[in-house]
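Worksheet for the structure shown next.
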Amino acid sequence: MSLASVIRSEQKLLLPTYDRHKILFERGRGVYLWDSRGRRYLDFLSGIGVNALGHGHPVIQAALKRQAGRLIHTSNLFFHEYQAELAALLTRISGLDRAFFCNSGTEAWEGALKLARSYARVQNSNGHKPKWRILALDNSFHGRTFGSLATTGQAKYRDPFAPLLPGVSFVKFNDTEDLQRHFDGSVCAICLETIQGEGGIRPLSPEFLQLARKLTNSTNALLILDEIQCGLGRTGRYFAYQHYGIQPDVVTVAKPLAAGLPLGAILTTNRVATAMHPGMHGTTFGGGPLACAVAIQFLRLMEKLMPHVRATGAYFSAQLEDLKARHSCIREIRGLGLMLGIELDSADFAKQVVNQLMQHGVLINRTNETVLRFLPPYIIEKKHIDQVIRELAAALSAASPIPTPRQSHKSTARSQR
């Protein structure tokens, strides 16, 4: 089937929710994808962080074939052998106690919000209205369902579907004084991305996250962290919060967990888990034997890859900083491990750079308008980073000439606009 025929069919049959690039991918191997014309692309987006082991990893393929031949689905009315084993791996690396499996990140986030409200009711012993307010963060993104949208701090996602879940207030990003102002005894949870992904690869400051932990501890509210994009090894540690020296009450994960299959999870403590009992929450497909069997293999492989993620992430970050020193259009380099972003001084220029890299066989994307986002597979090597840096340098130079001794920074910046 040709790209043109696929486009015609989709335009006729699908809801118009995606503005796709005109590329038809047919196969992948390692860090590369091939399109219908046989052209190869270096994948530094990995399905928006999903394909953390790249494409066609032999261990994942073997697990898929083995389990698909045995059992794909049973429903959660019965047991299968993999949920407890997967939960044991996740609780060990997270420092939490219990897991609930679902299909996606937004489902995990919805479940976490329900858990916060339910826990507040269980803890309410004085007969007054239970804690019910939720504090979320400006510029955040937690998913597309109603509760997730209600806690997403970007109006462009929320406004078309208002009114949303009541009781949510937004705090300015990394503003400890604003967090103090919004927090009181009516708050049941502070809900944060440890590193904002769609918001432009923005890590929380240690001071902000530590204050959030202190405030929630003071009133028995919950600290809920969204690690759907930044968790499971992406930053060089199992979870991004482990860089901060704090322990949350609830964590949500998804994207890379089943190496391309839909699978999300809520992780929480025994104390918080007492707020749930049979019948209060559930899922038809979540935590099925196929996805869980594959996720177990992913986590075993990830443990061996963690030092590599830290080393390649440090190398990539250093190369980007060197690029920043040579191009005044780069405002900032942000991120940790293999979750990195370049903020440029123009949204149009950022879009141009993404398209030019794609034309030269490198896949990244643009988020928060001006930020180039890099979420490469954990298996990349320095030679792949070097290729991306070369293509970036060429794309940036096309509209961002390197200043010479005769040019001031100010005049050069003006000429770029």
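By convention here, the first residue in the shown sequence is residue 1.
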Distance-only check: which donor-acceptor pairs under 3.5 Å involve side-chain atoms of residues 229-237, not counting sequence neighbours?
unit_1: Gln229; atom_1: OE1; unit_2: Arg373; atom_2: NH1; d: 3.2
unit_1: Arg234; atom_1: NH1; unit_2: Leu338; atom_2: O; d: 2.9
unit_1: Arg234; atom_1: NH1; unit_2: Pro376; atom_2: O; d: 2.6
unit_1: Arg234; atom_1: NH2; unit_2: Pro376; atom_2: O; d: 3.4
unit_1: Thr235; atom_1: OG1; unit_2: His243; atom_2: NE2; d: 2.9
unit_1: Arg237; atom_1: NH1; unit_2: Gln242; atom_2: O; d: 2.5

Donor-acceptor contacts, no H, no angles, side chain residues 288-308, under 3.5 Å, sequence neighbours left out:
unit_1: Arg300; atom_1: NH2; unit_2: Glu85; atom_2: OE2; d: 2.6
unit_1: His308; atom_1: NE2; unit_2: Ile380; atom_2: O; d: 2.5

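The pair Asp386-Arg390 fails the salt-bridge criterion, with no side-chain N (NZ, NE, NH1 or NH2) lying under 4.0 Å from an Asp/Glu carboxylate O. Under a 4.0 Å N-O distance rule, the pair Arg181/Asp178 qualifies as a salt bridge.
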Does the pair Leu396 and Arg326 meet the rule for a side chain to side chain contact (heavy atoms under 4.5 Å, CB included), with working shown? CA-CA 10 Å; Leu396 294 172; Arg326 294 184 282 121; over 6 Å; no
Start with the C-alpha gap between Phe44 and Phe316, add the side-chain angles, then the distance that decides, and say whether ring pair (Phe, Tyr, Trp, His ring centres under 6.0 Å) holds. CA-CA 12 Å; Phe44 260 51; Phe316 194 10; 5.7 Å; yes
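Among all heavy-atom pairs drawn from Ala212 and Leu192, the shortest one is CB-CD1, 4.1 Å. Here the closest non-hydrogen pair linking Val168 and Ala136 is CG1-CB, 4.2 Å. Summarising the geometry of Glu391 relative to Leu357, their closest heavy-atom pair is O-CD1, 3.8 Å, with the distance given to 0.1 Å. Shortest non-hydrogen contact noted between Ala265 and Ala108 is O-CB, 3.7 Å. Trp132 approaches Gly167 most closely through the heavy-atom pair CZ3-CA, 3.3 Å. Across all their heavy atoms, Arg334 and Gly200 have their closest contact at NH2-O, 2.8 Å.
In this structure, the side chains of Phe101 and Ile266 stay at 4.5 Å or more apart for every pair of heavy atoms. Between Leu113 and Cys191, the closest side-chain pair of non-hydrogen atoms falls below 4.5 Å. Side-chain contact between Leu320 and Leu392 is present, with heavy atoms from C-beta onward closer than 4.5 Å. A 4.5 Å side-chain heavy-atom check between Thr176 and Gln180 finds every atom pair outside the cut-off. For the pair Ile60/Leu64, a side-chain contact is recorded, criterion being any heavy-atom separation below 4.5 Å from C-beta on. Contact annotation: the side chain of Asn103 approaches that of Thr283 to within less than 4.5 Å [non-hydrogen atoms, C-beta and beyond]. No side-chain heavy atom of Ile7 sits less than 4.5 Å from a side-chain heavy atom of Arg20. Side-chain atoms of Thr312 and His384, non-hydrogen and from C-beta on, never get closer than 4.5 Å to each other.
Checked options Asn368, Ile201, Val371, Ile333; the residue passing with Glu343 is Val371 (criterion: side chain to side chain contact (heavy atoms under 4.5 Å, CB included)).
Listed by first and then second residue, the ring-ring contact (aromatic ring centres under 6.0 Å, His included) pairs involving residues 133-178 are Trp109-His142, Phe141-Tyr157 (not counting sequence neighbours). The side-chain hydrogen bond (donor to acceptor under 3.5 Å, both in side chains) analysis of residues 184-196, with sequence neighbours excluded, yields the pairs Arg133-Asp184, Arg133-Ser186, Asn139-Gln196, Asp184-Ser186, Thr194-Glu227. Within the structure, the ring-ring contact (aromatic ring centres under 6.0 Å, His included) test picks out the following pairs touching residues 268-293 (sequence neighbours left out): His73-Phe285, Phe100-His281.
Judged by distance alone, the side chain of Thr151 and the main-chain N or O of Ser148 form a donor-acceptor pair under 3.5 Å. Within the 3.5 Å criterion, the main-chain N or O of Gly185 finds a donor-acceptor partner in the side chain of Lys131. Looking at Arg158, its side chain does come within 3.5 Å of a backbone N or O of Thr152 through a donor-acceptor pair. Side-chain atoms of Arg202 never come within 3.5 Å of backbone atoms of Gly197 as a donor-acceptor pair (strictly under, hydrogens ignored). At least one donor-acceptor pair under 3.5 Å links the side chain of Ser94 to the backbone N or O of Leu90. Under the 3.5 Å distance criterion, the side-chain polar atoms of His327 are left unmatched by any main-chain donor or acceptor of Cys329. In this structure a side-chain-to-backbone donor-acceptor pair under 3.5 Å is missing from Glu107 to Cys102. Between the Ser75 side chain and the Leu77 main chain, a donor and an acceptor come within less than 3.5 Å of each other.
For His360, there are no ring-ring contact (aromatic ring centres under 6.0 Å, His included) partners at least two apart in sequence or on another chain. Judged as a side-chain hydrogen bond (donor to acceptor under 3.5 Å, both in side chains), and not counting sequence neighbours, the contacts of Arg98 are Asn270. Scanning for side-chain contact (heavy atoms from CB on, under 4.5 Å) contacts around Trp34 gives Arg27, Arg29, Tyr32, Arg40, with sequence neighbours left out. Scanning for side-chain contact (heavy atoms from CB on, under 4.5 Å) contacts around Ala350 gives Leu344, Arg366, Leu372, with sequence neighbours left out. In terms of the salt bridge (charged side-chain N to carboxylate O under 4.0 Å, His left out) criterion, residue partners of Arg70 (sequence neighbours excluded) are, by chain and number, Glu81. Scanning for side-chain contact (heavy atoms from CB on, under 4.5 Å) contacts around Ser36 gives Leu24, Glu26, with sequence neighbours left out. With sequence neighbours excluded, the residues forming a side-chain contact (heavy atoms from CB on, under 4.5 Å) with Thr269 are Leu96, Asp97, Arg271, Val272, listed by chain and number.
Rounded to the nearest 0.5 angstrom, Leu165 CG and Ile134 CD1 are separated by 5.5 Å. Here the straight-line distance linking atom CG of Leu42 with atom CE of Met358 works out to 12.5 Å at 0.5 Å rounding. Of the inter-residue distances, the one linking Cys188 atom SG with Leu222 atom CG reads 7.0 Å to the nearest 0.5 angstrom. Between atom CG of residue Asp345 and atom OG of residue Ser328 there is a gap of 7.0 Å, rounded to the nearest 0.5 Å. Taking CD of Glu321 as the start and CD1 of Ile342 as the end, the distance is 9.5 Å to the nearest 0.5 Å. Atoms CG and CG, on Leu209 and Leu204 in that order, are 5.5 Å from each other to the nearest 0.5 Å.
Under 3.5 Å, the side chains of Asn174 and Glu207 contain no donor-acceptor pair of N or O atoms. Remark: the Tyr119 side chain and the Asp249 side chain contain no N/O donor-acceptor pair separated by less than 3.5 Å. Under 3.5 Å, the side chains of Tyr82 and Gln67 contain a donor-acceptor pair of N or O atoms. Residues Thr145 and Thr106 have side chains that bring a donor and an acceptor to within less than 3.5 angstrom of each other.
In this structure, Lys22 places its NZ atom where only 12 or fewer heavy-atom neighbours from other residues, nucleotides or ligands lie under 6.0 Å away. Other residues, nucleotides and ligands contribute only 12 or fewer heavy atoms inside 6.0 Å of the CG atom of Asp348.
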